[in-house]
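Notes to accompany the following structure.
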Number of protein chains: 2
Amino acid sequence: MATTKQSLFPEGQVALAAFAGALAHPARIAIIGLLQAREEACCGEIVKALPLAQATVSQHLQVLNRVGLLHHRQCGPKICYSINCEALRSFCHSFQCTLGTAEEVAAPAPHL
Amino acid sequence: MATTKQSLFPEGQVALAAFAGALAHPARIAIIGLLQAREEACCGEIVKALPLAQATVSQHLQVLNRVGLLHHRQCGPKICYSINCEALRSFCHSFQCTLGTAEEVAAPAPHL
DNA sequence: ATCGCATATCGCAGATATACGATAAATAAT
DNA sequence: ATTATTTATCGTATATCTGCGATATGCGAT
């Protein structure tokens with residue numbers, strides 16, 4: 001009887017956990033690193049770079065996509081993925097705040 | 001046949017994924033937040049603060065402990081948990097590096 | 001429309017994670 | 001030693017994740 005009590009927690013905590021969950025696999029960390037290194041890559045290139053089958057890589061891409069961490073654009077017959085830096089930064093910021101590791105960035109700048 | 005291909009990835013990526021995995025549940029995010037807010041708390045207090053049974057909370061504490069995120073000390077009959085700030089900071093740093101969000105820490109606002 | 005390629009989705013199997021009651025282990029006090 | 005209290009662990013049920021082959025979908029060219 002493990003009826004996933006996630007809904008009993010504050011929305012912010014659920015969102016943060018979902019973000020962490022999206023990064024909770026080395027393949028997905030690798031994908032992020034790869035996209036960071038070369039700005040953009042199509043699915044096939046990512047498949048070639050990882051020790052996983054195409055179907056599996058596609059699934060991992062969907063996981064990252066579901067939390068909004070990726071951008072993608074049709075590029076002929078291929079689909080080019082890149083990182084949604086905005087989302088990544090915003091998530092990291094929430095992280096810092098919740099985890100309390102945001103000391104010297106103490107200019108929260110609501111005034112921009 | 002999903003024999004967990006995690007070992008085929010670089011150690012750093014596996015470690016980072018494990019850290020993310022430890023934070024991939026709202027209950028564990030809540031525990032970190034709670035410990036951040038009050039410096040130290042025993043298991044019973046955490047149980048009271050969460051909508052979960054004692055056994056479940058204990059399990060979540062073990063998950064956080066396994067990746068080195070917690071300190072604990074016997075305190076009479078209780079066990080007081082606190083955050084291992086060292087480990088937390090170190091993990092966050094690796095995160096920043098891998099996720100590429102560590103550049104503008106020194107560059108204050110590229111005011112366009 | 002058909003072909004060839006690139007990617008997503010389906011369906012399945014095995015592995016982990018989640019949740020909890022029951023119980024064990026440890027401590028403090030009697 | 002017994003009791004009460006606190007926490008960890010065990011056993012179990014359900015849910016979710018991982019991984020892949022097979023297949024469907026989408027695109028560009030023929």
Side-chain angles (χ1 to χ4, degrees), chain A residues 1-9 13-14 17-31 34-35 40-67 69-82, chain B residues 1-9 13-14 17-31 34-35 40-67 69-82:
Chain A
M1 202 205 278
T3 38
T4 199
K5 302 227 166 172
Q6 302 226 357
S7 54
L8 300 182
F9 291 86
Q13 295 177 353
V14 174
F19 169 58
L23 298 176
H25 194 289
R28 297 197 285 269
I29 297 282
I31 290 172
L34 195 149
L35 291 178
E40 195 175 69
C42 71
C43 179
E45 295 174 308
I46 299 172
V47 170
K48 255 178 267 164
L50 297 183
L52 296 172
Q54 179 267 323
T56 309
V57 171
S58 190
Q59 268 183 156
H60 283 303
L61 285 169
Q62 294 321 303
V63 172
L64 291 172
N65 206 31
R66 201 173 305 135
V67 297
L69 269 173
L70 298 183
H71 280 136
H72 57 94
R73 64 188 183 88
Q74 193 85 29
C75 202
K78 311 187 175 183
I79 294 178
C80 286
Y81 286 94
S82 58
Chain B
M1 194 204 273
T3 36
T4 201
K5 302 224 164 173
Q6 303 226 355
S7 54
L8 300 182
F9 291 86
Q13 295 177 354
V14 174
F19 169 59
L23 298 176
H25 193 288
R28 297 197 287 269
I29 298 281
I31 290 172
L34 196 149
L35 291 178
E40 195 175 69
C42 70
C43 179
E45 294 175 308
I46 299 172
V47 171
K48 254 178 268 165
L50 298 183
L52 296 172
Q54 179 268 321
T56 308
V57 171
S58 190
Q59 269 183 156
H60 282 303
L61 285 168
Q62 295 320 303
V63 172
L64 291 172
N65 205 33
R66 201 173 305 133
V67 296
L69 269 174
L70 297 183
H71 280 135
H72 57 94
R73 63 187 184 87
Q74 193 84 30
C75 202
K78 311 185 177 185
I79 294 178
C80 287
Y81 285 93
S82 56

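Per chain, numbering begins at 1; letters A, B, ... match sequence-line order.
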Looking at B:Leu50 and B:Ala30, what are the two nearest heavy atoms and their distance? CD2-CB, 3.8 Å
Relative to the 5' end of DNA chain D, which residue comes earlier, B:Gly44 or A:Pro51, by the nucleotide with the nearest heavy atom? B:Gly44
Please work out which residues in residues 52-60 of chain A have a non-hydrogen atom less than 4.0 Å from an atom of DNA chain D and list them by number. A:Leu52, A:Ala53, A:Ala55, A:Thr56, A:Gln59, A:His60
Between A:Ile31 (CD1) and D:dG19 (C1'), how many Å, whole number? 14 Å
Without decimals, in angstroms, what is the distance between A:Leu50 CG and D:dG19 P? 10 Å
Atom CG of A:Leu64 and atom P of D:dC17 are separated, to the nearest Å, by 13 Å
Does anything in residues 41-64 of chain A pair up under side chain to side chain donor-acceptor pair (under 3.5 Å), and if so which pairs, sequence neighbours excluded? A:Arg28-A:His60, A:Arg38-A:Glu45
Angle between the two end axes of the helix from C:dA1-D:dT30 to C:dT30-D:dA1, five base pairs per end, rounded to 10 degrees? 20°
May I have the distance from B:Gln6 (atom CD) to C:dT16 (atom P), rounded to whole angstrom? 9 Å
Sequence neighbours excluded, which residues qualify as ring-ring contact (aromatic ring centres under 6.0 Å, His included) partners of A:His71? none
Using whole Å, what does the distance between atom P of nucleotide C:dA26 and atom CD of B:Gln74 come to? 10 Å
Atom of B:Pro51, atom of A:Lys5 and distance for their closest heavy-atom approach: O-CD, 3.8 Å
Rounded interatomic separation in angstrom, taking NE2 from A:His72 and P from C:dT7: 13 Å
Could you label the plane-to-plane angle of the A:His72 and A:Tyr81 rings as parallel, tilted or perpendicular, counting under 30° as parallel and over 60° as perpendicular? tilted
Rounded to whole angstrom units, what separation is found between the CG atom of B:Leu23 and the C1' atom of C:dT18? 17 Å
Indicate the atoms forming the closest heavy-atom contact of A:Leu52 with A:Val47, along with that distance. O-CG1, 4.0 Å
Is there a side-chain contact between B:Val14 and A:Pro26 in this structure, where contact means two heavy atoms from C-beta onward sitting under 4.5 Å apart? yes
Contacts of A:Ile79 and B:Arg28 projected onto DNA chain C by closest heavy atom; the upstream (5') one is A:Ile79
Look at the side-chain N and O atoms of B:Lys78 and state whether any lies under 4.0 Å from the OP1 or OP2 oxygen of C:dA26. no
In whole Å, I'd like the distance from the CG atom of B:Asn65 to the P atom of D:dT7. 14 Å
ring-ring contact (aromatic ring centres under 6.0 Å, His included) partners for B:Phe19, two or more places apart: B:Phe91, B:Phe95
Taking only residues two or more places apart in sequence or in another chain, which ones pass salt bridge (Lys or Arg N to Asp or Glu O under 4.0 Å) with A:Arg66? none
Of the nucleotides D:dT9, C:dA8, D:dT7, which has the atom closest to the B:Tyr81 side chain? D:dT7
